[in-house]
There are 2 protein chains.
Amino acid sequence: MATGRTHRPATRSRGIPEATVARLPLYLRALTALSERSVPTVSSEELAAAAGVNSAKLRKDFSYLGSYGTRGVGYDVEYLVYQISRELGLTQDWPVVIVGIGNLGAALANYGGFASRGFRVAALIDADPAMAGKPVAGIPVQHSDDLEKIIEDNGVSIGVIATPAGAAQPVCDRLVAAGVTSILNFAPTVLSVPDGVDVRKVDLSIELQILAFHEQRKAGEEAAAGTDGGAPAVAARSESADKGPDGDVPAVMPA
Amino acid sequence: MATGRTHRPATRSRGIPEATVARLPLYLRALTALSERSVPTVSSEELAAAAGVNSAKLRKDFSYLGSYGTRGVGYDVEYLVYQISRELGLTQDWPVVIVGIGNLGAALANYGGFASRGFRVAALIDADPAMAGKPVAGIPVQHSDDLEKIIEDNGVSIGVIATPAGAAQPVCDRLVAAGVTSILNFAPTVLSVPDGVDVRKVDLSIELQILAFHEQRKAGEEAAAGTDGGAPAVAARSESADKGPDGDVPAVMPA
DNA sequence: CTGTGTGAAATTGTTCACAGCT
DNA sequence: AGCTGTGAACAATTTCACACAG
């Protein structure tokens with residue numbers, strides 16, 4: 001598609017499919033690891049294995065970014081790291097606020113991978129006055145009364161909500177009113193936001209329930225098996241049922 | 001769809017699409033809330049709004065489970081709660097172990113929604129001997145030396161990995177070897193597992209990176225749009241603009 | 001020869017729109 | 001009359017397989 005001059009205003013990135021966007025961070029992580037080991041180039045096959053996808057998908061994904069590989073050779077690691085970082089907007093620094101400094105909020109504040117790549121915890125906010133001033137991960141917690149001011153002073157456009165479910169929507173409304181346009185929601189609630197605001201959610205119990213579904217099905221199939229010749233303990237069913245949130249984990253189909 | 005089979009027996013759940021499975025927990029949550037408010041029935045329109053999807057999708061999703069609604073009326077809340085719970089395997093209790101009791105592990109252990117619905121924290125496991133015996137969320141932490149025994153004694157089939165990245169794969173291997181067949185991975189690593197084992201991942205930095213991508217694009221478009229005054233302040237509150245796959249993913253970082 | 005880049009096919013998921021119960 | 005259940009159209013994503021650049 002790199003060759004196809006799709007009639008489009010001179011704007012930046014062509015429409016990169018959402019599914020591809022969701023995998024770019026995965027590729028980036030794998031590439032960063034290679035970069036740290038000073039590996040100069042990598043093939044789609046190797047990189048795909050490291051990222052846990054298949055190589056065709058990876059090549060297709062990269063084709064949306066442009067032609068960054070060399071036929072017969074592979075991809076230049078450093079160059080790809082840069083291109084993907086740029087595509088993801090990680091060449092700039094994103095100030096982030098975390099609202100709700102309970103167990104989870106504290107865990108997030110302490111999470112290293114946070115700062116490492118393009119994100120900076122600009123502020124921690126909690127509604128509990130007793131928390132105010134207390135440092136978490138080296139950053140003093142601020143009271144939620146000042147939420148709007150904090151957002152504006154720091155030019156924050158990404159907010160992380162780690163409050164109890166009941167507080168999530170009100171907090172979300174205030175964040176959005178103050179100018180936040182991307183929200184990562186850890187509270188088990190559906191947030192409603194105006195158009196133009198992105199929300200992504202991370203929900204432990206949903207993930208567990210999805211696992212339970214598959215777990216249950218495994219148990220059922222196990223019981224149903226038995227007439228078969230061999231006695232292999234584990235799932236032989238070709239229904240490679242492992243899914244990630246978006247992609248799969250390595251799976252080699254015996255064609 | 002099977003043309004002649006209008007009356008399919010209840011339990012023969014043929015392949016429910018993965019995207020549908022990923023939404024069932026969402027419906028279940030909305031229904032549980034309705035149930036607590038003693039709402040007897042709900043229409044696809046209302047329930048869809050509560051779950052943040054559109055009604056056609058919801059009806060289609062439910063159609064995979066069977067015909068549980070009443071035309072002209074809607075769905076019986078209690079009945080649907082039961083049917084979805086059963087479909088997700090939540091009518092039984094799943095013992096879960098959490099490995100890695102740092103900030104995040106502790107947050108997970110304390111997370112209420114955990115126990116509430118079909119899941120029971122059977123054990124907390126950490127590699128730090130200093131943690132052993134210390135209670136977290138009322139449960140004493142056990143040393144990882146005993147991991148295999150703990151898994152077997154408790155009949156655990158679902159494991160949660162909240163260790164640092166480096167420890168995740170070895171822990172995963174031990175869990176799998178001990179009989180765990182579903183893993184929820186919070187460590188920023190791609191886990192490789194044998195066939196038949198499900199892995200779902202929850203990854204903060206991936207989610208943030210996806211948000212950054214969209215955030216960057218918004219900034220670019222804003223610049224390109226130039227001529228029309230301020231931000232288009234509001235529009236209809238669309239439900240969470242879920243890009244993920246998710247089914248993504250949605251998902252957490254579906255992802 | 002090797003491994004990328006990509007049309008085309010296959011699969012999966014979403015939306016439409018309306019027939020058919022209640 | 002109202003709302004579910006669902007075929008059929010549509011859209012997105014994944015996989016295949018191979019031309020072709022290096």
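The chains referred to below are lettered A, B, ... by the order of the sequence lines, with proteins before strands, and numbering in each begins at 1.
For the OP1/OP2 pair of C:dG3 and a distance below 4.0 Å, the side-chain nitrogens and oxygens of A:S43 include no atom meeting the criterion. Regarding contacts with the backbone of C:dA17, every side-chain N or O of B:R59 stays at 4.0 angstrom or more from both OP1 and OP2. For the OP1/OP2 pair of C:dT15 and a distance below 4.0 Å, the side-chain nitrogens and oxygens of B:N54 include at least one atom meeting the criterion. The side chain of B:S44 contributes an N or O atom lying less than 4.0 Å from OP1 or OP2 of D:dT4.
A:Y68 places its OH atom 20 Å from the P atom of D:dA21, with the value rounded to the nearest Å. What separates CG of B:L65 from P of D:dT6 is a distance of 11 Å, to the nearest Å. One can place NZ of A:K57 at 19 Å from P of C:dA10, the figure rounded to the nearest angstrom. Taking atom CG of residue A:D76 and atom P of nucleotide D:dG22, one finds them 16 Å apart after rounding to whole Å. Distance A:E46 CD to C:dG3 P: 8 Å, rounded to the nearest Å. Counting to the nearest Å, the P atom of C:dG3 and the CG atom of A:L47 are 14 Å from each other. Spacing between atom CD of B:E45 and atom C1' of C:dC16 amounts to 14 Å, rounded to whole angstrom units. Rounded to a whole Å, the CD atom of A:E18 is 8 Å from the P atom of D:dT13.
No option in B:K218, B:R217, B:Q216 other than B:R217 meets the side chain to side chain donor-acceptor pair (under 3.5 Å) test with B:H214.
As judged by a 4.0 angstrom heavy-atom cut-off over every strand, B:Y75 is placed among residues touching the sugar-phosphate backbone only.
For C:dT22, the base has no donor-acceptor partner in the side chain of B:R71 [N/O atoms by modelled type, under 3.5 angstrom].
With sequence neighbours excluded, the residues that form a ring pair (Phe, Tyr, Trp, His ring centres under 6.0 Å) with B:Y27 are B:F62.
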Please assess A:R29 against B:D203 for the test side-chain contact (heavy atoms from CB on, under 4.5 Å), listing each intermediate value before the final yes or no.
CA-CA 12 Å; A:R29 178 175 292 157; B:D203 194 314; 2.7 Å; yes

For B:L47 and B:L31, what are the C-alpha separation, side-chain angles and deciding distance, and is it a side-chain contact (heavy atoms from CB on, under 4.5 Å)?
CA-CA 7 Å; B:L47 184 54; B:L31 284 164; 3.8 Å; yes

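Nearest nucleotide to the side chain of B:S63, out of D:dT13, D:dT6, C:dT22: D:dT6.
In terms of position along DNA chain C, the nucleotide closest to A:G69 lies nearer the 5' end than the nucleotide closest to the other residue of the pair A:G69 and B:K60. Mapping A:G72 and A:D61 onto DNA chain C via the closest heavy atom, the residue that lands nearer the 5' end is A:G72.
Atom CD in A:Q83 sits 11.5 Å away from atom CG in A:L24 (nearest 0.5 Å).
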